[in-house]
**Q** 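Attaching a single structure in structure tokens format; questions to follow.
Just so we're clear, the structure is a prediction, and the values are computed from it rather than from any experiment.
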Amino acid sequence: MNMIHYNKDKNTVSGLGRKILIFLLSFLTASVAILSISGYAYGAITYVRSNGSAGTWTTLDIGSAGTDRLVVVFAGDESAGTNLSAVTVDGKSCTLVARANNTVGAGNHLEMWYIDEDGLGSSSGIVTIAITGGDSGWAVHAHLYTGVDQYGPTDYGYGPTDYGIDETSASTTTATVTGIDVPANGLVVMGSGQGTGGLTATWTSPLVERIDGGVADPSSADMADASAVESIQQTNKTYICTWSGTFNRATAIVAVWAVPSTANLTDHTAGQETDNFEGDLSVTGEELFAFKLTKQHREHSHRFAGCLPAFLGDRDCAGGFCQSCALRR
């Protein structure tokens with residue numbers, strides 16, 4: 001049996017190119033499958049733990065390197081637009097997802113930041129999570145997840161696949177974020193703050209509360225956060241944090257991360273056929289294994305295996321798309 005490997009680390013496909021595919025096509029009819037190819041991907045996203053503190057720092061056990069980690073940090077206070085300048089995990093810089101700034105009255109301010117496996121590097125175990133800038137009266141909450149895709153969809157950069165904010169809710173009981181798209185098995189993380197204090201929160205299903213404030217509330221305010229994995233793709237979904245009483249003003253932020261995806265290909269038959277996977281990668285007809293790879297991956301490896309006749313022994317990458325090729329038996 002010959003093994004064809006597609007390695008996202010190097011954007012390479014090892015396997016057969018134009019010459020052998022033409023050879024195969026000449027012997028097969030349109031009703032006979034050439035290959036049955038299956039993909040293997042990492043496991044599901046897992047919520048691990050969270051922690052929070054009033055003030056400008058907290059601690060969190062971020063586990064071990066190499067598990068596709070994601071640390072999400074919420075920071076909030078009662079102010080109108082006093083932004084943080086930095087958030088760090090074990091001294092390493094986080095990236096801002098979004099700010100929500102409600103200017104009603106004294107104001108309520110909430111920020112979401114994150115750092116993933118690349119940023120965390122060799123950091124492990126219990127570390128300090130700290131915020132810089134802003135004014136006073138902050139609280140800091142942090143979550144750890146594993147098995148999270150390290151790449152967002154926009155230009156194949158890093159970060160969440162979607163996010164939204166609420167910075168206008170006032171004199172009501174709900175902070176609402178609309179229009180959120182979530183891939184199947186995607187992670188949804190939501191945080192909310194409000195300035196009345198002494199209230200508790202409930203969340204849109206399937207969100208589960210991770211930190212409910214208490215000793216981890218900002219001064220004169222409440223801050224809580226929740227998360228869950230959506231098993232089914234969601235389109236334009238609304239996520240709501242419902243507080244137990246009417247608040248004076250509130251903020252909320254929702255962000256979404258994807259599970260590392262499996263680019264499954266269906267059985268291929270002779271003739272021209274296109275199978276799309278991950279939206280923009282495809283193979284067509286004779287160049288079945290001359291993948292034109294445009295998505296940049298640095299860590300995740302997905303393996304694709306197909307059964308070919310044992311006498312096929314060499315390879316040829318058509319079109320210059322493959323950086324390196326090697327057929328393994």
**Q** Any side-chain heavy-atom pair from Tyr239 and Val256 closer than 4.5 angstrom?
**A** no

**Q** Would Met112 and Val72 count as a side chain to side chain contact (heavy atoms under 4.5 Å, CB included) here? Give the steps.
**A** CA-CA 7 Å; Met112 179 195 283; Val72 178; 3.9 Å; yes

**Q** For the pair Asn102 (side chain) and Ser169 (backbone), establish whether a donor and an acceptor sit closer than 3.5 Å, ignoring hydrogens and angles.
**A**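 Flag set: sc Asn102 to bb Ser169 pair under 3.5 Å.
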
**Q** Taking Val182 as the starting point, is it possible to reach Met190 by hopping between hydrophobic residues whose side chains are less than 4.5 Å apart?
**A**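 Linked within one cluster.
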
**Q** Do Gln194 and Asp222 have a side chain donor and acceptor closer than 3.5 Å?
**A** yes

**Q** Between OG of Ser53 and CG of Asp217, what distance do you get to the nearest 0.5 Å?
**A**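 Output value for this atom pair is 11.5 Å.
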
**Q** From Ser192 OG over to Trp203 CH2, what is the distance, rounded to the nearest 0.5 angstrom?
**A**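 It comes to 5.5 Å.
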
**Q** So how far is it from Trp113 CH2 to Ile129 CD1, rounded to the nearest 0.5 Å?
**A**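 These two atoms lie 13.5 Å from each other.
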
**Q** Shared ILVMFWY cluster between Leu207 and Val254, side chains joined below 4.5 angstrom?
**A**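 Yes: a chain of side-chain contacts under 4.5 Å links Leu207 to Val254.
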
**Q** Shortest non-hydrogen contact from Leu144 to Asp61?
**A**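 Minimum heavy-atom separation between Leu144 and Asp61: CD2-O, 3.4 Å.
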
**Q** Going through the checks in order, is the side chain to side chain contact (heavy atoms under 4.5 Å, CB included) test met by Val89 and Ser123?
**A** CA-CA 9 Å; Val89 176; Ser123 292; over 6 Å; no

**Q** Do the side chain of Thr46 and the main chain of Thr146 share a donor and acceptor less than 3.5 angstrom apart?
**A**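 No, Thr46 side chain to Thr146 backbone: no donor-acceptor pair under 3.5 Å.
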
**Q** Closest heavy-atom contact between Gly195 and Ala221?
**A**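 Looks like CA-CB, 4.2 Å.
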
**Q** Taking the side chain as C-beta and beyond, is there a heavy-atom pair between His141 and Thr58 under 4.5 Å?
**A**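 A side-chain contact is absent here, since even the closest heavy-atom pair is not under 4.5 Å.
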
**Q** Is there side-chain contact between Leu60 and Arg49, with at least one heavy-atom pair below 4.5 Å?
**A**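 Leu60 vs Arg49: side chains touch.
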
**Q** Applying a strict under-4.5 Å side-chain criterion to I, L, V, M, F, W and Y, I'd like to know whether Ile115 and Leu84 cluster together.
**A**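 Yes, Ile115 and Leu84 fall within the same hydrophobic cluster.
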
**Q** Check whether any side-chain heavy atom of Gln150 sits under 4.5 Å from a side-chain heavy atom of Asp68, and report yes or no.
**A**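 Counting from C-beta outward, Gln150 and Asp68 do come under 4.5 Å.
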
**Q** Working note: Thr59 + Asn51, criterion side chain to side chain contact (heavy atoms under 4.5 Å, CB included); need CA distance, chi angles, decisive distance, verdict.
**A** CA-CA 7 Å; Thr59 61; Asn51 193 31; 3.6 Å; yes

**Q** Between Glu167 (side chain only) and Ala100 (backbone N and O only), is there a donor and an acceptor less than 3.5 Å apart?
**A**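 Judged by distance alone, no pair lies under 3.5 Å.
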
**Q** Nearest 0.5 angstrom please: His143 NE2 to Ser227 OG, how far?
**A** 6.0 Å

**Q** With a 3.5 Å distance limit and no angle check, can you tell me whether Asp181 reaches the backbone of Asn236 through a side-chain donor-acceptor pair?
**A** yes

**Q** Just to verify, what does Glu230 make a salt bridge (charged side-chain N to carboxylate O under 4.0 Å, His left out) with, not counting sequence neighbours?
**A** Lys237

**Q** Kindly give the heavy-atom pair with the smallest separation between Val140 and Gly55, and that separation in Å.
**A** CG2-O, 3.6 Å

**Q** So Glu111 and Val73, side chain to side chain contact (heavy atoms under 4.5 Å, CB included) or not? Walk me through it.
**A** CA-CA 8 Å; Glu111 302 192 11; Val73 180; over 6 Å; no

**Q** Give the minimum heavy-atom separation between Val97 and Ala255, together with the two atoms involved.
**A**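 Taking every non-hydrogen atom into account, CG1-CB, 4.0 Å.
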
**Q** To the nearest 0.5 Å, what is the distance between CG (Leu120) and CZ (Arg69)?
**A** 4.5 Å

**Q** Please examine the side chains of Pro183 and Thr161, heavy atoms only from C-beta on, and report whether any two atoms are closer than 4.5 Å.
**A** yes

**Q** Treating Arg210 as the side-chain partner and Val189 as the backbone partner, does any N or O pair qualify as donor plus acceptor under 3.5 Å?
**A**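 Such a contact is absent between Arg210 side chain and Val189 backbone.
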
**Q** So which of Tyr47, Tyr114, Trp257 actually passes ring-ring contact (aromatic ring centres under 6.0 Å, His included) with Tyr145?
**A** Tyr47

**Q** Taking C-beta and beyond as the side chain, do Thr172 and Phe247 meet within less than 4.5 Å on heavy atoms?
**A** yes

**Q** Less than 4.5 Å apart, any side-chain heavy atom of Val148 and any of Glu117?
**A**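 The answer is no, as the side chains (C-beta and beyond) never meet within the 4.5 Å cut-off.
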
**Q** Is it true that Met223 and Leu96 fall in one hydrophobic cluster, defined by side-chain heavy atoms closer than 4.5 Å?
**A** no

**Q** Using atom types as modelled and distance alone, determine if a side-chain donor or acceptor of Thr176 lies under 3.5 Å from a backbone N or O of Ile240.
**A**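 Not confirmed, Thr176 side chain does not pair with Ile240 backbone.
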
**Q** Asp77 side chain to Trp138 main-chain N or O, any donor-acceptor pair under 3.5 Å?
**A**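 Answer holds: no.
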
**Q** Would you call Val188 and Thr204 a side-chain contact if the rule is heavy atoms closer than 4.5 Å?
**A** no

**Q** Do the side chain of Asn108 and the main chain of Arg249 share a donor and acceptor less than 3.5 angstrom apart?
**A**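 Not a single qualifying donor-acceptor pair exists.
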
**Q** Ignoring hydrogens, what is the shortest heavy-atom contact between Ala216 and Ala139? Give both atom names and the distance.
**A** O-CB, 3.1 Å

**Q** Can you tell me how far apart CD1 (Ile232) and OG1 (Thr235) are? Round to the nearest 0.5 Å.
**A** 11.5 Å

**Q** How close do Ala175 and Ala250 get, heavy atom to heavy atom, and via which atoms?
**A**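 Ala175 and Ala250 have their closest heavy atoms at CB-CB, 4.3 Å.
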
**Q** Honestly curious: do Ile211 and Val48 fall in one hydrophobic cluster under the side-chain, below-4.5 Å linking rule?
**A**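 In one cluster: no.
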
